[in-house]
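All heavy atoms count here, side chains included; hydrogens, waters and symmetry mates do not. Proteins get letters first, then strands, A, B, ... in listed order; numbering begins at 1 in each.
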Amino acid sequence: MKFGILVNEGPYTHQASDSAYLFTKAAIEDGHEIFRVFFYHDGVNNGTRLATPPQDDRHIPNRWTELAKENNIDLVVCVAAAQRRGMVDPEEMKRNKKDANNLAENFRISGLGQLIEAGIQTDRLITFGD
Amino acid sequence: MEEETQSGIVKKFLYINRRAPHGTIYAHEALETVLIGAAFEQDVTLVFIDDGVFQLKKNQDTSEIGTKNFSKTYAALEDMDVEKLYVEKKSLEQRGLTQDDLSVDVKIISSDQIKKLINESEVILNF
């Protein structure tokens, strides 16, 4: 089956992003296709490369990056939600004249159309959030 | 940002709006999704249940809390061919509201009819 994944909550505060990761990983292991993971609302914060969780805890952003690298998954952070919350890639940094960027490897910033497209192109769009 | 909006596929999209318009950002960002999604020429339906019915309340004024008053945007949906707006009867009644309290034309339907809409939908975005 071809899945789209929507992550609506930030890392650590809420289990949604853990559940989304575990579902995505299990789906891949079972031979399903992940069309895209789309991060919305506070979910965009899963894409920061500046997180340093305690060493005995999971590293949520790094875990997404590794899963994406190994399986060629499209991780998309919503641009409107990202701009509000200070998630910035090099291009956005230039465009909005910021002095830094913080988007982790294998994530990209794009529009809400990518979420709608995931709804159109997949067999199931699965939402993780409240 | 140019995006491909024509796929030739038309699916039944259902947006479920469950939360009060203010207090959290979900209602506001849900509306942003609906607005962007309108360009994709899909079969779009919006339902408002629970505190979500407050999103359509007339005469909202956010000046004292300093948040954006996006409530007028719901009236613009019609111009974007987003015309199927449903409100759950029980949720309205529980909150002492009637159609007259709402800023846009909606169809007021039962919980069973909402269930039917959910069952018939192909893509559900739940905010």
* To do: Determine whether A:Y21 and A:V77 fall in the same hydrophobic cluster, where Ile, Leu, Val, Met, Phe, Trp and Tyr are linked whenever their side-chain heavy atoms lie under 4.5 Å apart.
  => yes
* To do: Return the minimal non-hydrogen interatomic distance between B:K11 and A:G119, and the atom names on each side.
  => NZ-O, 3.2 Å
* Cluster question for you: counting only ILVMFWY and a side-chain heavy-atom cut-off of under 4.5 Å, with indirect links fine, are B:I49 and B:I108 together? -> no
* Quick one: do B:Y15 and B:L85 end up in the same hydrophobic cluster if we chain Ile, Leu, Val, Met, Phe, Trp and Tyr together by side-chain heavy atoms under 4.5 Å apart? -> yes
* **Part of B:F13 within contact of chain A (heavy atom distance under 4.5 Å)** => side chain
* To do: Look at atom CD of B:Q94 and say whether more than 12 heavy atoms of other residues, nucleotides or ligands are closer to it than 6.0 Å.
  => yes
* Flag yes if more than 12 heavy atoms outside A:E91 fall under 6.0 Å of its CD atom; otherwise flag no. => no
* Using the rule that two of Ile, Leu, Val, Met, Phe, Trp, Tyr join whenever any of their side-chain heavy atoms come within less than 4.5 Å, decide whether B:L35 and B:F127 are in one cluster. => yes
* Apply the test side chain to side chain contact (heavy atoms under 4.5 Å, CB included) to residues B:S7 and A:Q121: give CA-CA distance (whole Å), side-chain angles for both, the deciding distance (0.1 Å), then the verdict. => CA-CA 9 Å; B:S7 59; A:Q121 298 295 340; 3.7 Å; yes
* **Over 12 non-hydrogen atoms of neighbours within 6.0 angstrom of CD in B:E83** => yes
* To do: Check whether more than 12 heavy atoms from other residues, nucleotides or ligands sit under 6.0 Å from atom NZ of B:K89, and answer yes or no.
  => no
* Asked: Does any heavy atom of chain B fall under 4.5 Å from the side chain of A:A118, the backbone, both, or neither of them?
  -> neither
* If contact means a heavy atom pair closer than 4.5 Å, which residues of residues 123-130 of chain A contact chain B? -> A:L125, A:T127, A:D130
* **Gap separating the CG atom of B:L125 from the CD1 atom of A:I116, nearest 0.5 angstrom** => 6.0 Å
* Structure fact -> residues 39-58 of chain A vs chain B, non-hydrogen distance cutoff under 4.5 Å, contacting residues -> A:Y40, A:H41
* Of the backbone (N, CA, C, O) and the side chain (C-beta and beyond), which part of B:Q42 lies under 4.5 Å from a heavy atom of chain A, both, or neither? -> side chain
* Structure fact -> One should read off an interatomic distance between B:F40 CZ and A:L115 CG, to the nearest 0.5 angstrom, of 9.0 Å
* **Over 12 non-hydrogen atoms of neighbours within 6.0 angstrom of NZ in B:K107** => no
* Asked: According to a 4.5 Å side-chain heavy-atom criterion applied to Ile, Leu, Val, Met, Phe, Trp and Tyr, with indirect links allowed, do A:I73 and A:I109 form part of one hydrophobic cluster?
  -> yes
* Shortest non-hydrogen contact between A:N8 and B:N126, atoms and distance -> ND2-O, 4.5 Å
* How about B:N119: does its CG atom have over 12 heavy atoms from other parts shown lying under 6.0 Å from it? -> yes
* Asked: Checking A:I120 against chain B: side chain, backbone, both or neither under 4.5 Å from a heavy atom?
  -> both
* To do: Please indicate whether A:K25 has more than 12 foreign heavy atoms, meaning atoms of other residues, nucleotides or ligands, lying under 6.0 Å from its NZ.
  => no
* Asked: Is atom CG of B:N59 surrounded by more than 12 heavy atoms (other residues, nucleotides or ligands) closer than 6.0 Å?
  -> no
* Taking only Lys NZ, Arg NE, NH1 and NH2, and the carboxylate oxygens of Asp or Glu, determine whether B:E29 and A:R85 approach each other closer than 4.0 Å. => yes
